[in-house]
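One-based numbering along the sequence shown. The analysis underlying the following values was restricted to heavy atoms, covering all of them including side chains, and did not include hydrogens, waters or symmetry mates.
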Amino acid sequence: MDKYSINQFKNGLKLMLDSNPCSILNNEIVKPGKGQVFNRVKFKDLITGKTLIKTFKSGEFLEGADVMELDLQYLYNDGNTWNFMDLHSFEQYSIDGAIVSGVKGYLVEQDICIVTLWNNNPISITPPNHVILEVFDTDPGLKGDTVGTSGKPATMNTGVVLQVPLFVSIGDKVKVDTRINEYVGRA
């Protein structure tokens with residue numbers, strides 16, 4: 001198992017912390033006026049989904065997490081499981097709803113997602129940065145209303161709700177940034 005010193009920390013590095021695989025979200029090097037330099041690191045626990053902040057002094061080491069990320073194509077949902085396929089080996093993975101719950105609003109059939117495996121079990125799914133969704137329900141569109149730029153809520157065909165401009169109406173296809181849950185433009 002690889003060990004990483006705090007000098008090797010970078011965003012996206014997978015490490016073991018409290019027996020769970022974690023991913024570094026932000027690594028900040030703090031140089032106080034007096035005392036030893038330390039790193040303030042923000043982690044995301046890949047099992048629980050919680051975000052943690054820890055500090056590490058120079059000279060400390062952490063064990064690398066033995067995780068594997070695969071590009072898998074989302075196929076379909078059969079109620080309780082979401083099914084993905086590796087396009088190279090045609091191996092299929094059935095993933096439990098608890099793992100998918102945070103991103104299921106962004107899963108569009110045939111899209112390629114990043115699935116993280118730990119001990120050959122899927123532990124997290126990252127959808128593409130941008131997806132095309134269809135507006136399922138929203139208030140009627142208003143033409144010419146350019147002053148009110150706050151937008152209106154719209155429910156997409158996958159169930160996710162986001163703010164859209166006033167001119168968007170039911171049946172329109174829109175491009176959504178999945179990282180920040182925001183409308184990007186018409187598709």
Side-chain angles (χ1 to χ4, degrees), residues 1-74 77 80-86 88 91 93-108 111-131 133 153 156 158-163 175-184:
M1 193 65 56
D2 294 333
K3 288 201 174 237
Y4 295 95
S5 74
I6 64 167
N7 296 333
Q8 296 172 303
F9 285 6
K10 60 184 178 183
N11 294 348
L13 183 66
K14 309 288 190 283
L15 300 167
M16 293 300 291
L17 192 66
D18 300 330
S19 302
N20 281 351
C22 296
S23 177
I24 294 178
L25 299 176
N26 188 22
N27 179 34
E28 178 184 359
I29 299 170
V30 179
K31 297 177 182 175
K34 281 180 138 180
Q36 190 177 16
V37 174
F38 62 92
N39 287 30
R40 185 176 298 127
V41 184
K42 188 175 182 180
F43 292 98
K44 180 181 179 184
D45 189 318
L46 297 175
I47 300 295
T48 63
K50 292 181 181 176
T51 302
L52 312 164
I53 297 176
K54 292 220 172 212
T55 58
F56 297 94
K57 295 177 184 171
S58 64
E60 290 190 56
F61 290 86
L62 284 181
E63 184 179 331
D66 189 18
V67 296
M68 184 169 54
E69 293 183 335
L70 298 174
D71 290 335
L72 301 180
Q73 183 181 44
Y74 171 60
N77 171 15
N80 296 328
T81 59
W82 277 255
N83 297 287
F84 294 81
M85 182 175 67
D86 187 336
H88 302 291
E91 184 177 355
Y93 295 86
S94 293
I95 299 177
D96 186 48
I99 296 167
V100 178
S101 65
V103 298
K104 66 182 176 186
Y106 305 117
L107 295 179
V108 178
D111 276 356
I112 302 296
C113 300
I114 298 172
V115 176
T116 304
L117 303 176
W118 183 50
N119 295 333
N120 287 328
N121 294 319
I123 57 171
S124 72
I125 298 170
T126 306
N129 292 340
H130 296 95
V131 295
L133 300 176
M156 302 294 130
T158 58
V160 69
V161 177
L162 57 113
Q163 290 290 113
K175 186 174 182 179
V176 178
D177 189 330
T178 62
R179 297 166 291 184
I180 54 176
N181 191 36
E182 281 190 5
Y183 168 87
V184 174

Smallest heavy-atom separation, Gln8 atom then Leu13 atom, equals O-CD2, 3.9 Å

Approximate separation, where rounding is to 0.5 Å, of Leu72 CG and Ile95 CD1: 7.0 Å

Val37 side chain near Ile29 side chain, heavy-atom distance below 4.5 Å: yes

Hey, does Ile24 have a side-chain heavy atom less than 4.5 Å from the side chain of Phe43? yes

Minimal heavy-atom distance between Glu182 and Leu162, with the atoms involved, is C-CD1, 4.3 Å

Evaluate Lys104 against Thr158 for side chain to side chain contact (heavy atoms under 4.5 Å, CB included), listing each step before the verdict. CA-CA 8 Å; Lys104 66 182 176 186; Thr158 58; over 6 Å; no

Working note: Leu46 + Lys14, criterion side chain to side chain contact (heavy atoms under 4.5 Å, CB included); need CA distance, chi angles, decisive distance, verdict. CA-CA 9 Å; Leu46 297 175; Lys14 309 288 190 283; 3.9 Å; yes

Beyond-backbone contact of Ile112 with Pro128, side-chain heavy atoms, under 4.5 angstrom: no

If every non-hydrogen atom of Cys22 is compared with every non-hydrogen atom of Leu17, which pair is closest and at what distance? SG-CB, 3.7 Å

Taking atom types as modelled, find out whether Asp86 and Tyr93 have a side-chain donor-acceptor pair closer than 3.5 angstrom. no

Hey, what do you get for OG1 (Thr116) to CD (Glu69), rounding to the nearest 0.5 Å? 4.0 Å

Do you know which two heavy atoms are closest between Val67 and Pro21, and how far apart they sit? CG1-CB, 3.9 Å

Side chain to side chain contact (heavy atoms under 4.5 Å, CB included) between Val103 and Thr178, intermediate numbers included: CA-CA 8 Å; Val103 298; Thr178 62; over 6 Å; no

Taking side chain as C-beta onward, heavy atoms only, is Tyr4 less than 4.5 Å from Leu62? no

Look at atom CG of Asn80 and say whether more than 12 heavy atoms of other residues, nucleotides or ligands are closer to it than 6.0 Å. no

If we only count heavy atoms from C-beta on, is the Lys54 to Asp18 side-chain gap below 4.5 Å? yes

Within the 4.5 Å heavy-atom criterion, are Leu133 and Val108 side-chain neighbours or not? yes

Decide yes or no for Asp71 and Ile114: does some side-chain heavy atom of the first lie under 4.5 Å from some side-chain heavy atom of the second? yes

Rounded at 0.5 Å granularity, tell me how far CE in Met85 sits from CD in Gln73. 5.5 Å

dist Lys44:NZ -> Asn26:CG (nearest 0.5 Å) comes out at 15.0 Å

Nearest atoms (heavy-atom pairs only) where Trp118 meets Ser19: CH2-O, 3.9 Å

So how far is it from Cys113 SG to Leu70 CG, rounded to the nearest 0.5 Å? 12.0 Å

Side-chain touch Tyr106/Ile125, heavy atoms, less than 4.5 angstrom: no

Distance col, row Ile47:CD1 vs Asn20:CG, nearest 0.5 angstrom, shows 5.5 Å

Closest approach of Met16 to Gly64 (non-hydrogen atoms, all atoms of both residues): CG-O, 3.8 Å

Run the side chain to side chain contact (heavy atoms under 4.5 Å, CB included) test on Ile99 and Trp82 for me, step by step, so that the C-alpha distance in whole Å, both residues' side-chain angles and the decisive distance to 0.1 Å come before the verdict. CA-CA 10 Å; Ile99 296 167; Trp82 277 255; over 6 Å; no

